Amino acid sequence: MTITKKLTVAAAVALTAISSYAFAANYIVETIYYSDASRSTIVGESVKRCNGSTFVTGQITSYSRVVAKYPCN
């Protein structure tokens, strides 16, 4: 990979990260986590706050669902 391609990829990754942070900072997002793909047993929850902090209780898994999204004031 040439240096130009590496720089382009690095810039794209940085832009994505910044965009994700800006999105997260504009909303409170509540996510529920399940034990498996059947989504029958809740094992955890997270709340991403407007100030960028995240409150987590229980276990974080790859089986999740966003249950609420509120704009920040």
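Being a predicted model, the structure only gives us computed values, none of them experimental.
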Handout entry: Set of residues satisfying side-chain contact (heavy atoms from CB on, under 4.5 Å) with respect to S53, sequence neighbours excluded
Key = R49, N51
Practice task
Report yes or no: do S40 and Y34 form a side-chain donor-acceptor pair below 3.5 Å?
Solution key: no
Handout entry: Rounded distance (nearest 0.5 Å) linking atom CD1 of I28 with atom CG of N73
Key = 7.5 Å
Problem - Interatomic spacing from CZ in R65 to CD1 in I42 - rounded to 0.5 Å - result: 7.5 Å
Problem - I60-Y63 co-clustered via ILVMFWY side chain contacts under 4.5 Å - result: no
Practice task
Would you indicate whether the side-chain heavy atoms of V47 and T54 approach each other to under 4.5 Å?
Solution key: no
Exercise for the section: With the side chain counted from C-beta on, respond yes when T41 and D36 share a heavy-atom pair under 4.5 Å apart, and no when they do not. Expected result: no
Exercise for the section: Could you tell me whether the side chain of Y27 reaches within less than 4.5 Å of the side chain of C50, counting heavy atoms only? Expected result: no
Completion exercise
Paired with T31, the side chain to side chain contact (heavy atoms under 4.5 Å, CB included) test is passed by just one of V67, V56, V66, namely V66
Handout entry: Residues in side-chain contact (heavy atoms from CB on, under 4.5 Å) contact with T57, at least two apart in sequence or another chain
Key = E45, F55
